[in-house]
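Bear in mind the structure is a predicted one, so any value in this text is a computation, not a measurement. Values below: every heavy atom of this structure, side chains too, minus hydrogens, waters and symmetry copies. Remember, it's 1-based here, ligands and their atoms both numbered in the order they're listed.
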Amino acid sequence: MILVTGATGKVGSEAVRLLRQREIPVRALVRNPEKAAALAQAAAELAEGDLEAPGTLDEAMKGVTTVVLVSPGVPAQEINVIDSAVRAGAGHVVKITSNASADSPIARRRWQTEIEAALAASGLDHTLVRSNAYMQNTLVLAPAIAKTSSFGSSTGAGRLGMIDARDVAAVAAVIAASPAPHVTKTYWLIGPELLSYYDVAAVLSTVLGRPVTYRELSSEEDQEAMIRAGLPGPVAAMNAQVFSMIAEGDAAWLTEDVPSLLGRPARSFGQFATDFAAAFC
Ligand SMILES: NC(=O)c1ccc[n+]([C@@H]2O[C@H](COP(=O)([O-])OP(=O)(O)OC[C@H]3O[C@@H](n4cnc5c(N)ncnc54)[C@H](OP(=O)(O)O)[C@@H]3O)[C@@H](O)[C@H]2O)c1
């Protein structure tokens with residue numbers, strides 16, 4: 001039995017779907033059963049639980065051999081899952097993480113390092129699945145693009161190796177289905193190309209059949225825009241930090257891990273934009 005946390009989220013929901021497509025037994029951890037219709041439709045077992053409540057995790061962990069650990073990445077919460085997996089004698093944890101390091105200026109990347117350290121210390125077999133930025137992040141810009149055919153960001157002309165969250169899920173599913181060759185490995189998942197937001201605008205223009213323009217914002221302007229769009233101040237501040245780093249080239253790297261793990265190329269931004277075109281219209 002494979003337990004998938006964050007099962008109503010971008011990566012978790014697709015990982016459940018793909019594992020069930022292969023008829024692998026999956027238990028989906030959800031905190032709000034009202035959001036679980038698609039998971040039930042995929043014939044996944046549902047376990048109601050909260051990452052803050054170890055008792056609910058122990059219940060969900062019964063009989064579990066492998067965990068796909070994905071969530072917003074709050075250390076205490078994910079460490080609760082790791083501790084529960086140890087108590088249950090689970091064999092392997094596939095940890096979805098970011099470009100994390102202990103000395104990163106970005107707090108959420110340091111938090112991921114804390115979780116990764118707890119996983120390493122737990123004695124559980126595990127695999128780390130790292131990415132830079134999900135293509136799905138651009139959906140935050142979709143309402144503005146739909147309305148004004150333009151969007152702004154403080155990433156400047158920095159190029160970025162984005163990955164479709166569905167490919168992150170596909171990799172997690174491949175590893176979870178057969179973890180032995182992936183023990184203690186770290187994979188770096190990137191789409192097939194490096195794109196600046198100027199390139200993103202060009203791809204969207206082609207896919208949507210109308211000109212979409214990108215304008216560079218200062219870090220302060222971007223932070224204010226994110227707060228106006230409803231992001232909490234500290235999250236907007238962290239995002240703005242990440243965007244400044246992207247502008248300086250921090251995310252301009254590619255790897256071959258997706259094709260080598262999936263036996264097919266990673267989805268391009270063009271494919272993503274085509275699949276999600278309705279959101280930008
Ligand atoms: N976005 C990026 O660009 C990016 C890049 C690299 C790495 N990552 C990593 O990807 C991970 C996030 O994955 P994602 O985008 O798939 O997440 P997501 O779409 O934001 O979904 C988060 C999931 O966690 C669940 N969750 C949140 N708090 C919970 C709690 N207390 N108890 C139980 N479940 C809870 C949510 O449930 P509800 O539906 O009930 O809220 C949801 O299913 C993070 O570790 C992040 O570092 C993201």
For ligand 1, which atoms sit closer than 4.0 Å to a heavy atom of [X]?
| X | answer |
| --- | --- |
| K35 | 38 (P), 39 (O), 40 (O), 41 (O) |
| A7 | 43 (O) |
| D50 | 30 (C), 31 (N), 32 (N) |

[atom]: which protein heavy atom is closest, and how many Å away?
| atom | answer |
| --- | --- |
| atom 35 (C) of ligand 1 | R31 NE, 3.7 Å |
| atom 42 (C) of ligand 1 | T8 OG1, 3.5 Å |
| atom 10 (O) of ligand 1 | Y134 OH, 3.0 Å |
| atom 20 (O) of ligand 1 | K10 NZ, 3.7 Å |

Are any of the side-chain nitrogens in [X] or [Y] under 4.0 Å away from the carboxylate oxygens of its partner?
| X | Y | answer |
| --- | --- | --- |
| E193 | R159 | no |
| R264 | D167 | yes |
| R130 | E116 | yes |
| E59 | K62 | yes |

Original post:
Within the distance-only criterion (no hydrogens, no angle test), does the side chain of T5 pair as donor or acceptor with the backbone N or O of L29 below 3.5 angstrom?
Top reply: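 Answer holds: no.
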Subject >> Sub-4.0 Å heavy-atom approach of N132 to ligand 1 >> reply: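 Contact check N132 vs ligand 1: positive.
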Subject >> Non-hydrogen atom of S71 closer than 4.0 Å to ligand 1 >> reply: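 Judged by the 4.0 Å heavy-atom criterion, S71 does count as contacting ligand 1.
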Original post:
Who's closest to atom 24 (O) of ligand 1 heavy-atom-wise, of G9, A100, P72, A169?
Top reply: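 Shortest heavy-atom distance from atom 24 (O) of ligand 1: P72.
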**OP:** Would you kindly specify which portion of R130 sits under 4.0 Å from ligand 1, judged on non-hydrogen atoms: side chain, backbone, both or neither?
**Re:**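 It is neither part, as no heavy atom is under 4.0 Å.
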**OP:** Give a yes or no on whether E45 atom CD has more than 12 heavy-atom contacts from other residues, nucleotides or ligands under 6.0 Å away.
**Re:**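 Buried by this count: over 12 neighbours within 6.0 Å.
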Original post:
Quick check: does E78 get an N/O under 3.5 Å from an N/O on ligand 1?
Top reply: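 No; every N/O pair is 3.5 Å or more apart.
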Subject >> Check: G12 N/O within less than 3.5 Å of ligand 1 N/O >> reply: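 Between G12 and ligand 1, no N or O pair is found under 3.5 Å apart.
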**OP:** Flag the pair F276 / F272 as yes when their ring centroid distance falls below 6.0 Å, and as no otherwise.
**Re:**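 That pair passes the under 6.0 Å test.
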